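Hydrogens, waters and symmetry mates play no part in the numbers below; they use all other heavy atoms, side chains included. Nothing here was measured: the structure is a model prediction, and the numbers come from that model.
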Amino acid sequence: EGKEVYMKILKNITTVTMVMILLLASSLEARETKKVSNFSGSGLVDSSGTFDGNRIYADVTNNGLFLDYHVSGSSALEWPKGTGVHSIFQSSLWLGALVNGEIRAIVADYTQDMGPGPFGGDPLSAVHRIYKVNKDMLEDPASHEDFQSWPVEYGAPWVDVDGDGVYTPLPAGQDHPEFIGDQVLWFVSNDGDAAYKLNAEGGGGTLPMGVEVQTTMFGYDRIDAIGDMLFVKQLVINKGGNTLTDTYMGLWSDPDLGAHTDDLVGCDVELGMGYVYNSGPDPYYDNLDIGTPAAGYDFFQGPKVPCDDPTDTVECPAEGAKMFGTRHPGMKNLKMSSFAFYINGDATYTDPSDETEGYFYLQGLRKDGSAYPAEIAGDLYDQRFCFYGDPNDAAGHSTANPVDGNYAASADRRFLMSVGPFTMAAGDSQEVVFGIFHAAGGDALSSVAYLKEVDALAQTAYDIDFALPDSPPSPNVTA
């Protein structure tokens, strides 16, 4: 049934994607591929890498800033790859919790708040780099160092073909990395070393939360809309010995969709999606002849918590929560709990200056702890979701349909979509899965509508455990 749903959605959107690719191929004739500078040794980046396994090119680091502009000095995520046009400037994982009533937080925006390697490990060890493998390495595995040295001892996913519990890679053995996508990156980070918690309070940071985060980043080289997506699975382990209560996890983004001056943001509560779109034709994307696109994020799998009422089949489906590749009856996956926003340089809604302000944002509150006003967060959801209205609604903006662009004109936006609260006892683990995706549906508002279809496709891909049918054939492109 899941694959049938996937194919139905895919059929509806493939034609639009094919047209975009054909137009893009034409526009690229006179364009150079993006030149990416080598990492210069900045203290902000201890290990960097790139995802380039489909139509996305992304600079990645393992210090909590999983999309990091510091690597190149420019925006971190280029889409479509090879155009020199970018959709995301910077993006990171935020975490916040209480330890004995005291706020502990990982609030990385433009400065790292974590270090490389596992909790208690050596952050300077070369073994704690970003590892990258492609499925086509199976044809010649001996020639690829990351394939041979895949760090299974630190948690990297692998296939134990011979069942002996020891990673003996092809060709000498039978084992290999788990190719959940056509390209897979893996790395581990932690906030256990206070020397790497550099963001809050002007570089002082908070005491460590004591968490380790294992990140698997993957994508599919496909001609359909899946080829415009980047998927991320993060295993968060509480290794610090303290119970983390009222814990929130957030996806923070500074999206610069083409130009950074024409961005608007919004969310779809039912889909669990946060997104960015433009206020009109974008000067960079418009030059590509693909229209003005939109880009979004979605938590496909939130943290696992006990059901409030196990007999409520809506809140607590019979199959239970999905976590670690299996189902857990009597449990549920938390959905997006808030969507906060702020604006570069705004007097009221601007960047947090310490962990307390960051923790408020994680809860869907303004940085002073007060609720967003109805003009921004509407009449529903306890005002925890900014701009949950539909920008394509002909009625326009109201407190019943709050959309961006009315409090302030389009500008350099940031947003934070969160899940919580939940508790992590010492030793507990949570696995979250999210995606970043793009849609070019014509003008800005048409792309928002199309993005919701693309999000449904991405969610269904997750629902069927990424057991994707074959990609449609590539279109013929002639000069």
Which distance, rounded to the nearest 0.5 Å, do you find between the [atom1] of [X] and the [atom2] of [Y]?
X	Y	atom1	atom2	result
D263	D404	CG	CG	9.5 Å
H144	E139	NE2	CD	8.5 Å
Q234	M249	CD	CE	7.5 Å
W79	F437	CH2	CZ	12.5 Å

Does the distance from a Lys or Arg side-chain N to an Asp or Glu carboxylate O, for [X] and [Y], drop under 4.0 Å?
X	Y	result
D382	R384	no
D52	K132	yes
K135	D221	no
K332	D308	yes
R55	D228	yes

Could you tell me if the side chain of [Y] sits less than 4.5 Å from the side chain of [X], heavy atoms only?
X	Y	answer
W252	S418	no
F299	N333	no
T50	I130	no
T215	N62	no
L65	Q90	yes
D113	D191	no
D286	P283	no

Practice problem: Output, in order, the C-alpha distance, side-chain angles, deciding distance and verdict of disulfide bond (SG atoms under 2.5 Å apart) for C386 and C267. | Solution: CA-CA 7 Å; C386 297; C267 69; over 6 Å; no
Could you check whether the rings of [X] and [Y] sit parallel, tilted or perpendicular, using 30° and 60° as the cut-offs?
X	Y	value
F300	Y462	parallel
Y69	Y110	perpendicular
Y220	F466	parallel

Quiz prompt | Any donor-acceptor N/O pair, H328 side chain to M323 backbone, under 3.5 Å | solution =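 Yes.
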Self-check item: Short side-chain to backbone donor-acceptor contact, S48 and V60, under 3.5 Å
Solution: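 Answer holds: no.
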Quiz prompt | Neighbour count >12 (heavy atoms, 6.0 Å) for atom CG, D443 | solution =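 Yes - once you tally the heavy atoms of other residues, nucleotides and ligands closer than 6.0 Å, there are more than 12.
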Self-check item: Within 6.0 angstrom of E319 CD, more than 12 heavy atoms from elsewhere
Solution: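 Atom CD in E319 is packed in, count exceeds 12.
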Side chains of [X] and [Y]: is there a donor and an acceptor less than 3.5 Å apart?
X	Y	result
D455	Q459	no
N278	D262	yes
S87	H438	yes
N54	Q183	no

Exercise. Could you tell me which residues satisfy side chain to side chain contact (heavy atoms under 4.5 Å, CB included) with K367, sequence neighbours excluded, listed by chain and number?
Key: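 Only T350, E357, Y361 meet the side chain to side chain contact (heavy atoms under 4.5 Å, CB included) criterion with K367.
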Quiz item: So among Y372, Y342, Y349, which one has a side-chain hydrogen bond (donor to acceptor under 3.5 Å, both in side chains) with R366?
Solution: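 With R366 as partner, Y372, Y342, Y349 yield a single side-chain hydrogen bond (donor to acceptor under 3.5 Å, both in side chains), made by Y349.
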Quiz item: Which atom names give the shortest non-hydrogen contact between M114 and Q112, and what distance separates them?
Solution: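 Taking M114 first and Q112 second, the nearest heavy atoms are O-NE2, 3.0 Å.
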Quiz item: Sequence neighbours excluded, which residues qualify as side chain to side chain donor-acceptor pair (under 3.5 Å) partners of S253?
Solution: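 Side chain to side chain donor-acceptor pair (under 3.5 Å) list for S253, sorted by chain: Y297.
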